[in-house]
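Each chain gets a letter, A, B and so on, in the order its sequence line appears, and its residues count up from 1. What you see is a predicted model; the values in this text were computed from it and never measured.
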2 protein chains.
Amino acid sequence: MKSVQFAQNKMSRFEQLCRQHGIPLTVQRRIILESIAVREDHPTADQVFEGVSNKLPGLSRTTVYRVLETLVNMGVVHKASHLGSAARYDPNTERHHHLTCVSCHRVMDLEEKSLSSLRFSHSKAGDFEILDYSVHFSGYCGECAKKTKKRVPLEE
Amino acid sequence: MKSVQFAQNKMSRFEQLCRQHGIPLTVQRRIILESIAVREDHPTADQVFEGVSNKLPGLSRTTVYRVLETLVNMGVVHKASHLGSAARYDPNTERHHHLTCVSCHRVMDLEEKSLSSLRFSHSKAGDFEILDYSVHFSGYCGECAKKTKKRVPLEE
DNA sequence: CTCCGTGCAAAAGGTTTGCACTGGT
DNA sequence: ACCAGTGCAAACCTTTTGCACGGAG
């Protein structure tokens with residue numbers, strides 16, 4: 001499903017970005033990115049560490065975290081922890097969807113009928129048996145949209 | 001947006017469930033559920049604690065966690081921490097969607113064109129400025145579907 | 001009266017930070 | 001050579017666990 005091509009493209013784009021922005025291209029960064037690009041799953045930082053520490057003995061867990069953050073900031077890797085570090089509790093047990101403000105991290109409900117009965121090709125995606133789903137939107141909430149008007153949403 | 005009615009219904013259903021299943025109806029449970037039912041946001045356990053400890057001095061953070069888990073198991077409250085406790089990293093930076101196995105917690109990609117250009121009533125939901133979205137599916141992956149066939153997916 | 005629920009403290013993840021040193025440009 | 005990146009240890013935040021006590025059924 002994922003080709004060698006994919007990993008190679010990833011690396012090329014990464015190296016290109018590094019040169020463009022004068023970001024040091026360290027062994028750690030190269031190996032960590034490669035290890036993610038090759039995998040089929042969505043590893044946690046710790047799983048990345050496990051997978052890489054063989055090839056790079058002495059690698060620090062801390063570095064894995066820092067490199068991952070760098071890669072995310074560069075847009076080369078996507079960090080999926082949609083609702084932040086802490087779990088959130090919601091009294092609404094009906095199917096509904098969420099809006100998360102990328103600035104203040106507030107989470108709001110979205111009741112949109114058109115989203116509550118999505119159709120997919122099959123009720124099964126491959127051999128995966130779907131029980132439920134929800135749509136997660138990210139963006140700026142009303143307040144933050146004002147504040148952030150015409151500002152780069154980086155380094156608040 | 002959320003009515004007093006809603007909170008009252010929540011409480012009634014909760015009390016009913018407790019009686020049905022012989023679950024002790026403690027002050028802590030009542031107050032914690034009420035505090036969530038009344039809120040508009042999706043508080044973290046800690047935020048719940050903050051909000052409740054005024055009304056119930058001496059309340060333990062631990063109890064909040066335990067009560068929340070109980071409420072989730074009773075189906076009265078929904079826990080949203082979609083991808084588990086640890087953040088996950090994904091080399092695929094294109095818009096795509098996720099399948100999470102509720103049994104083994106594996107996360108897989110889903111490339112489904114029909115989901116990649118959802119239409120909503122407006123590109124803005126209220127005053128929320130949407131930047132991106134993704135659909136999160138939960139269910140059983142192929143392997144776990146076999147194992148779990150005809151078994152209650154509770155208390156592994 | 002019997003248990004389950006609670007509180008406290010301590011442990012167990014996951015992630016971040018301070019500081020000195022090393023390595024890329 | 002300079003500065004950013006790295007390693008180590010310790011701190012921090014979120015959540016879980018063990019044990020003794022007290023309140024709900």
Checklist entry - Rounded to whole angstrom units, what separation is found between the CD1 atom of I32(A) and the C1' atom of dG7(D)? => result 13 Å

Next on the checklist: Please confirm whether the shortest side-chain N or O distance from T63(B) to OP1 or OP2 of dG7(C) is below 4.0 Å.
Outcome noted: yes

Checklist entry - How many Å lie between NZ on K79(B) and P on dT14(D), as a whole number? => result 13 Å

Checklist entry - Any side-chain heavy atom of C141(A) within less than 4.5 Å of one from L99(A)? => result no

Item to check | All side chain to side chain contact (heavy atoms under 4.5 Å, CB included) counterparts of A87(B), not counting sequence neighbours | outcome: K79(A), S81(A), Y89(B)

Item to check | Any N/O donor-acceptor pair, R61(A) side-chain to dG14(C) base, under 3.5 Å | outcome: no

Item to check | Whole-Å gap separating P (dT17(D)) and CZ (R66(B)) | outcome: 10 Å

Next on the checklist: Quick check for you: among dT25(C), dT15(C), dA24(D), whose closest atom lies nearest to any side-chain atom of A86(B)?
Outcome noted: dT15(C)

Next on the checklist: How close do A7(A) and V38(A) get, counting heavy atoms only, and between which atoms?
Outcome noted: CB-CG2, 4.1 Å

Checklist entry - Given atom CG of N73(A) and atom P of dT16(C), what is their separation to the nearest angstrom? => result 11 Å

Checklist outcome for this item: Note: V64(B) and A45(B) closest approach over all heavy atoms is CG1-O, 3.5 Å

Next on the checklist: Between dA4(D) and T26(A), counting only base atoms on the nucleotide and side-chain atoms on the residue, is there a donor-acceptor pair under 3.5 Å?
Outcome noted: no

Checklist entry - For the pair made of CD in E69(B) and P in dC4(C), what is the distance, rounded to whole Å? => result 16 Å

Next on the checklist: Does dG5(D) have its OP1 or OP2 closer than 4.0 Å to a side-chain nitrogen or oxygen of R29(A)?
Outcome noted: yes

Item to check | D109(B) and H42(A) side chains, donor-acceptor separation under 3.5 Å | outcome: yes

Item to check | Gap between atoms CD1 and P, on I31(A) and dT6(D) respectively (whole Å) | outcome: 12 Å

Item to check | Residues forming a ring-ring contact (aromatic ring centres under 6.0 Å, His included) with H105(B), sequence neighbours excluded | outcome: none

Checklist entry - Can you find a donor-acceptor N/O pair under 3.5 angstrom joining the side chain of R19(B) to the base of dG25(D)? => result no

Checklist entry - Which pairs count as side chain to side chain donor-acceptor pair (under 3.5 Å) when at least one residue sits in residues 4-14 of chain A, sequence neighbours excluded? => result none

Item to check | side chain to side chain contact (heavy atoms under 4.5 Å, CB included) partners for H78(B), two or more places apart | outcome: D90(A), T93(A), A80(B)

Checklist entry - Nearest to the side chain of L25(B), which nucleotide is it out of dT25(C), dG25(D), dG7(C)? => result dG25(D)

Checklist entry - Does a side-chain N or O from Q28(B) land closer than 4.0 Å to OP1 or OP2 of dA24(D), or not? => result no

Checklist entry - Expressed in angstrom and rounded to an integer, what is the separation of R88(B) atom CZ from dG14(C) atom P? => result 10 Å

Item to check | Check: S134(B)/H98(B) side-chain N/O donor and acceptor closer than 3.5 Å | outcome: no

Checklist entry - Given atom NE2 of H21(A) and atom C1' of dT25(C), what is their separation to the nearest angstrom? => result 16 Å

Next on the checklist: What residues from residues 44-60 of chain B pass a heavy-atom cutoff of under 4.0 Å to DNA chain D?
Outcome noted: A45(B)

Checklist entry - OP1, OP2 of dT16(D) versus side-chain N and O of Y65(B): anything below 4.0 Å? => result no

Item to check | Rounded to 10 degrees, the angle between the two terminal axes of the helix from dC1(C)-dG25(D) to dT25(C)-dA1(D), each from five pairs | outcome: 40°

Item to check | No-hydrogen, no-angle side-chain donor-acceptor test under 3.5 Å, Q47(B) and D41(B) | outcome: no

Checklist entry - Between dA24(D), dG5(D), dT17(C), which one does the side chain of V27(B) approach most closely? => result dA24(D)

